[in-house]
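Just so it is clear, the model here is predicted, and its values are computed rather than measured. Counting convention: from 1, in listed order, for ligands and their atoms alike.
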Amino acid sequence: MIKAKQLVHEYIRRDEEGNVESISTALDHVDLDVKPGEFIAILGHNGSGKSTLAKHINALLMPGEGSLWVDGMDTSEEQNVLPIRQTAGMVFQNPDNQIIASVVEEDVGFGPENIGVETDEIWQRVEESLKAVGMLKYRHHSPNKLSGGQKQRVAIAGVVAMQPKCIVLDEPTAMLDPNGRKEVIRTAHELNEKKGVTIILITHYMEEVVDADRVFVMDKGKIVMQGEPRQIFSQVGKLKEYRLDVPQVTILADLLRQSGVSVPMGVLHREELVEAILREAQIW
Ligand code: ADP
Ligand code: MG
């Protein structure tokens, strides 16, 4: 679905005469391989290059060096830009910047209408997309009155209505309360499981990536760790080094393990740790 090979992106700042003032390397030889139907999470501290990578997947930026393919299409070729944007939909941080219409169903229908989909099919897509994100009963509502999580789900429905094979969500929960965050993550998983949409979830909340198929950790423009969630979360020291907020329960489990208590690797849920400790206690 997505393949990056030694992808480099530099933001170059120039003065009025066009002389280079500064260069910041946002992507530093990134390799990435995402298969169709995978649920991928990209974790990283602010400024690690996550959004720059997302923009490359949507052909909003072009590779400085290296290459990126989306569904086999090279993003550096002009004629691929539109098909790439229809293949890989984007969801951004702030739902308020993504919702344009004053009625939910019109907002969701806007994208398909814009690319000339026939009216009957637009309504069919609107209904299906709103159903997929659990917002069908709000179709006649005003987006303004919805909660943050609901708004973000409407924004996701708008992307789903374009029938992309892949959806990139760039910190979609950053502005939401804990409930809204859960709604959005659940929705992403449902789209992945029920519709087979490839998901790239970008976040800095570790709890949100527990159910991903694979996790990539970025730091200073590089992919510094990759693996299944449990493999990643069992390396607490490294995660802290990359300035990620490791959940307390993961830190505690790590410390317990270091002092000889047998708890599994990469514990992420409190219940999991409690169970492991009780098991130990019985053995004692
Ligand atoms: P993240 O999404 O992980 O926070 P970004 O991809 O936004 O990271 O940024 C990566 C690096 O590129 C940062 O050092 C940031 O300051 C720099 N950067 C991002 N956008 C621009 C821009 N438009 N111009 C110059 N530098 C930028
Ligand atoms: Mg970002």
Restricting to non-hydrogen atoms, name the atom on Asp245 and the atom on Met206 that form the minimum distance, rounded to 0.1 Å.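 So the minimum-distance heavy-atom pair works out to O-SD, 3.6 Å.
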
Quick one: closest heavy-atom pair of Gln93 and Ala174, and the distance?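 Distance-wise, the nearest heavy atoms are CG-CB, 3.5 Å.
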
Heavy atom of Gly44 under 4.0 Å from ligand 1?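 Contact check Gly44 vs ligand 1: negative.
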
Atom 16 (O) of ligand 1 protein-contacted, heavy-atom criterion under 4.0 angstrom: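 Protein heavy atoms within 4.0 Å of atom 16 (O) of ligand 1 - there are none.
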
When you measure from atom 13 (C) of ligand 1 to the protein, is at least one non-hydrogen atom found at a distance under 4.0 Å?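 It does: a protein heavy atom is found less than 4.0 Å away from atom 13 (C) of ligand 1.
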
Assess, by modelled atom type and distance only, whether the side chains of [X] and [Y] contain a donor and an acceptor separated by less than 3.5 Å.
{"X": "Ser51", "Y": "Asp170", "answer": "yes"}
{"X": "Glu38", "Y": "Thr198", "answer": "no"}
{"X": "Gln258", "Y": "Asp254", "answer": "yes"}
{"X": "His56", "Y": "His9", "answer": "yes"}

May I ask you to test the Ile23-Tyr11 pair for a side-chain heavy-atom distance under 4.5 Å?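 With C-beta onward as the side chain, the pair stays apart.
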
Hey, are the side chains of Ile57 and Ile84 touching, using non-hydrogen atoms and a 4.5 Å cut-off?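 No - every pair of side-chain heavy atoms lies 4.5 Å or more apart.
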
The Mg ion (ligand 2) and Asn46: any N/O/S contact shorter than 2.8 Å?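 Here the distance criterion (N, O or S atom, under 2.8 Å) is not met by Asn46, so no.
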
For [atom], what is the nearest protein heavy atom, given as residue, atom name and distance?
{"atom": "atom 1 (P) of ligand 1", "answer": "Gly47 N, 3.5 Å"}
{"atom": "atom 19 (C) of ligand 1", "answer": "Tyr11 CE1, 3.4 Å"}
{"atom": "atom 6 (O) of ligand 1", "answer": "Thr52 OG1, 2.5 Å"}
{"atom": "atom 3 (O) of ligand 1", "answer": "Lys50 NZ, 2.8 Å"}

Would you check if the distance from the ring center of His45 to the ring center of Tyr242 is below 6.0 Å?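 No, ring centres 6.0 Å or more apart.
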
Answer side chain, backbone, both or neither: which part of His45 comes under 4.0 Å from ligand 1, heavy atoms only.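 Near ligand 1, His45 shows its backbone, while the atoms from C-beta on stay back.
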
Does an N or O from Ser48, backbone or side chain, lie closer than 3.5 Å to an N or O of ligand 1?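 N/O-N/O distance under 3.5 Å: yes.
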
Are any of the N/O atoms on Arg13, whether in the backbone or the side chain, positioned under 3.5 angstrom from an N/O atom of ligand 1?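 The answer is no, given that Arg13 and ligand 1 share no N or O pair closer than 3.5 Å.
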
Ala26, Gly49, Ser24, Ser51: member with heavy atom nearest to atom 2 (O) of ligand 1: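 It is Ser51 that holds the nearest heavy atom.
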
Residue Asn46 vicinity, atoms of ligand 1 by number, heavy atom under 4.0 Å: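 Near Asn46, the atoms of ligand 1 are 4 (O).
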
